[in-house]
Amino acid sequence: MILAKASIEKLIRKSGAERVSSEAAMRLAEVLEEEGLEIAREAVIFAEHAGRKTVKREDIRLAIQD
């Protein structure tokens, strides 16, 4: 798991939850990582297409829109 469990728990509490189970936090972390990796892969393709090695904000934006 790349995302910190504490950060995920904080995110869930920020959405209104008083308490968060470990299982819930871990599952959300898995989903967010899967989605994040897919977006990052797409962004890398956009950066490479533009002739860059650096992924920029615009690449992420394009990947999210795709």
Side-chain angles (χ1 to χ4, degrees):
M1 186 163 61
I2 297 169
L3 299 172
K5 181 182 159 194
S7 295
I8 299 300
E9 289 174 351
K10 185 175 180 180
L11 179 70
I12 296 170
R13 282 194 305 276
K14 190 173 182 178
S15 72
E18 289 185 33
R19 297 176 66 189
V20 181
S21 72
S22 276
E23 294 84 10
M26 289 180 67
R27 182 61 188 131
L28 181 57
E30 290 171 0
V31 171
L32 292 175
E33 286 182 16
E34 289 169 11
E35 289 295 317
L37 283 171
E38 184 58 34
I39 291 168
R41 285 185 192 108
E42 296 262 339
V44 168
I45 292 168
F46 287 121
E48 288 174 347
H49 181 73
R52 291 184 274 104
K53 293 183 180 181
T54 302
V55 173
K56 294 186 174 185
R57 180 184 184 128
E58 64 198 53
D59 302 317
I60 297 295
R61 183 183 52 77
L62 289 169
I64 290 170
Q65 289 177 351
D66 195 24

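Positions are given from 1, in the same order as the sequence printed here. Here the structure is a predicted model, which means the values were calculated and not measured. Computed over heavy atoms, backbone and side chain alike; hydrogens, waters and symmetry mates excluded.
- Distance check: I60 CD1 to I39 CD1 gives 7.5 Å after rounding to the nearest 0.5 Å.
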May I have the list of side-chain donor-acceptor pairs in residues 11-22 shorter than 3.5 Å, sequence neighbours left out?
{"residue": "S15", "atom": "OG", "partner": "I12", "partner atom": "O", "Å": "2.5"}
{"residue": "S21", "atom": "OG", "partner": "A24", "partner atom": "N", "Å": "3.0"}
{"residue": "S22", "atom": "OG", "partner": "K5", "partner atom": "NZ", "Å": "2.6"}

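- The minimum heavy-atom distance between A43 and A63, with the atom names listed, is N-CB, 3.7 Å.
- By the 4.5 Å side-chain criterion applied to Ile, Leu, Val, Met, Phe, Trp and Tyr, L37 is assigned to no cluster and stands alone.
- To the nearest 0.5 Å, the span separating NE2 on H49 from CG on L62 amounts to 10.0 Å.
- Among pairs with a residue in residues 49-58, those fulfilling salt bridge (Lys or Arg N to Asp or Glu O under 4.0 Å) read R52-E58, R52-D59, at least two apart in sequence or across chains.
- Take E38 and apply the side chain to side chain contact (heavy atoms under 4.5 Å, CB included) test, not counting sequence neighbours, and it matches R41, E42.
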Side-chain atoms of residues 25-35: list all donor-acceptor pairs with protein atoms under 3.5 Å, sequence neighbours left out, distances to 0.1 Å.
{"residue": "R27", "atom": "NH1", "partner": "E30", "partner atom": "OE1", "Å": "3.0"}
{"residue": "E33", "atom": "OE1", "partner": "I2", "partner atom": "N", "Å": "3.4"}
{"residue": "E33", "atom": "OE2", "partner": "I2", "partner atom": "N", "Å": "2.6"}
{"residue": "E33", "atom": "OE2", "partner": "L3", "partner atom": "N", "Å": "2.7"}

